[in-house]
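Please read these numbers as outputs of a predicted model, since none were measured by experiment.
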Amino acid sequence: MGGEFVNSKKTRHNKILEIISEQQIDTQEELARQLKNAGYDVTQATVSRDIRELNLYKVSSGAGRQKYIALQQEDGRGLEDKYIRVLRDGFSSMDMAQNILVVKTVSGMAMAVAAAIDAMHFQEIVGSIAGDDTIMMAVRTVEDTERLMGRIRELL
């Protein structure tokens, strides 16, 4: 682009979504470098803020590497498939204790899996808390917990 920088937040966000869909980006530094190569004048702080605003999460990409993915897109296209993919990639097991559902995930994936489950808007879930590899979900009733486990199994 000949030294000319593009600074619109909306176009930058679109470019970030394009970059992470086409490449395996696993660090903020790498994303910032790709944006600069595309003509965007960005700082580390800008990229960090963009990652939060776009709801980007890291998921395992195999061989011990991770990559950023977007769990939400403004136009809403393809979200269900992305959520299911994150759930399948990170899910390890689940168990219930009355109306609490405990989901075990691959190490480092609990937050991404919890965000994916939250984005699916299961009416049975009151709220969830995620750590590194464990998610605890408060579910309305014991019956809802059993029903929710069945719905999650169907997605897997």
Side-chain angles (χ1 to χ4, degrees), residues 1-94 101-139 148 151-156:
M1 291 197 119
E4 188 178 312
F5 286 106
V6 182
N7 286 313
S8 162
K9 182 195 260 190
K10 185 167 179 60
T11 59
R12 186 177 67 246
H13 281 189
N14 287 336
K15 187 64 176 178
I16 289 170
L17 293 172
E18 177 186 320
I19 289 169
I20 67 167
S21 71
E22 294 174 355
Q23 300 176 46
Q24 196 162 306
I25 305 295
D26 63 348
T27 65
Q28 289 183 13
E29 294 81 11
E30 188 176 353
L31 182 55
R33 188 170 44 255
Q34 292 296 331
L35 284 168
K36 286 178 183 178
N37 289 344
Y40 292 83
D41 186 16
V42 294
T43 64
Q44 188 71 31
T46 301
V47 172
S48 179
R49 192 168 36 255
D50 288 342
I51 286 170
R52 277 193 312 277
E53 289 175 3
L54 288 168
N55 294 313
L56 301 185
Y57 290 87
K58 283 188 176 182
V59 296
S60 175
S61 62
R65 294 201 63 204
Q66 293 187 327
K67 68 177 182 176
Y68 282 108
I69 64 160
L71 290 182
Q72 295 180 355
Q73 295 174 347
E74 289 179 24
D75 60 11
R77 287 181 303 172
L79 291 183
E80 194 69 23
D81 288 342
K82 287 186 182 198
Y83 297 143
I84 293 169
R85 195 171 328 119
V86 169
L87 177 62
R88 287 178 180 159
D89 287 349
F91 181 87
S92 185
S93 66
M94 66 182 157
L101 178 60
V102 177
V103 176
K104 297 297 258 174
T105 70
V106 173
S107 182
M109 291 284 294
M111 290 183 85
V113 171
I117 290 171
D118 285 347
M120 290 183 208
H121 303 292
F122 290 112
Q123 296 302 311
E124 298 91 344
I125 300 172
V126 177
S128 58
I129 300 171
D132 180 63
D133 65 355
T134 305
I135 306 163
M136 291 186 66
M137 288 179 260
V139 183
L148 178 60
R151 291 176 71 188
I152 291 173
R153 277 191 203 99
E154 288 173 12
L155 295 172
L156 298 171

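In this structure, Thr105 OG1 and Asp132 CG are separated by 7.0 Å, a value rounded to the nearest 0.5 Å. To the nearest 0.5 angstrom, Tyr40 atom OH is 10.5 Å from Asp50 atom CG. With rounding to the nearest 0.5 angstrom, the CG atom of Leu148 is 5.0 Å from the CD1 atom of Ile125. Rounded to the nearest 0.5 Å, atoms CG (Leu17) and CD1 (Ile19) are 9.5 Å apart. For the atom pair CD (Glu30) and CD (Gln34), the distance works out to 6.5 Å, reported to the nearest 0.5 Å.
The heavy-atom pair separating Tyr83 from Ala119 by the smallest distance is CZ-CB, 3.1 Å. When all heavy atoms of Ala32 and Val42 are compared, the closest pair comes out as O-CG2, 3.9 Å. The two residues Lys15 and Ala38 have their closest heavy-atom pair at CE-CB, 3.6 Å. Taking each heavy atom of Ile135 and Ala114 in turn, the nearest pair found is CD1-N, 3.6 Å.
By the 4.5 Å heavy-atom criterion applied to side chains, Thr46 and Thr43 are counted as neighbours. In this structure the side chain of Lys9 reaches within 4.5 angstrom of the side chain of Glu53, judged on heavy atoms. Residues Phe91 and Val113 fail the side-chain proximity criterion, which asks for heavy atoms closer than 4.5 Å. Proximity of Ile51 to Leu31: side-chain heavy atoms (C-beta onward) are separated by under 4.5 Å at one or more points. Proximity of Leu87 to Ile117: side-chain heavy atoms (C-beta onward) are separated by under 4.5 Å at one or more points. Put simply, the side chain of Arg85 does not reach to within 4.5 Å of the side chain of Arg88, judged on heavy atoms. Annotation: side chain of Ile152 is in contact with side chain of Leu101 (closest heavy-atom distance under 4.5 Å). Residues Ile84 and Met120 are in side-chain contact: their nearest non-hydrogen atoms beyond the backbone lie under 4.5 Å apart.
Annotation: Met136, atom CE; neighbour count of heavy atoms from other residues, nucleotides and ligands within 6.0 Å does not exceed 12.
Panel note: side chain Asp133, backbone Gly108; no donor-acceptor pair is recorded below 3.5 Å. His13 places no side-chain N or O within 3.5 Å of a backbone atom of Thr11 that could act as its donor or acceptor partner.
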Item to complete: Kindly determine whether Asn14 and Glu18 satisfy side-chain contact (heavy atoms from CB on, under 4.5 Å), including the steps that lead there.
Response: CA-CA 6 Å; Asn14 287 336; Glu18 177 186 320; over 6 Å; no
Item to complete: Go through the steps to decide whether Ile16 and Leu35 satisfy the test side-chain contact (heavy atoms from CB on, under 4.5 Å), and finish with yes or no.
Response: CA-CA 7 Å; Ile16 289 170; Leu35 284 168; 3.7 Å; yes
Item to complete: Please report the C-alpha distance between Met137 and Glu124 in whole Å, then the side-chain angles of each, then the deciding distance to 0.1 Å, and finally whether the side-chain contact (heavy atoms from CB on, under 4.5 Å) criterion is met.
Response: CA-CA 10 Å; Met137 288 179 260; Glu124 298 91 344; over 6 Å; no
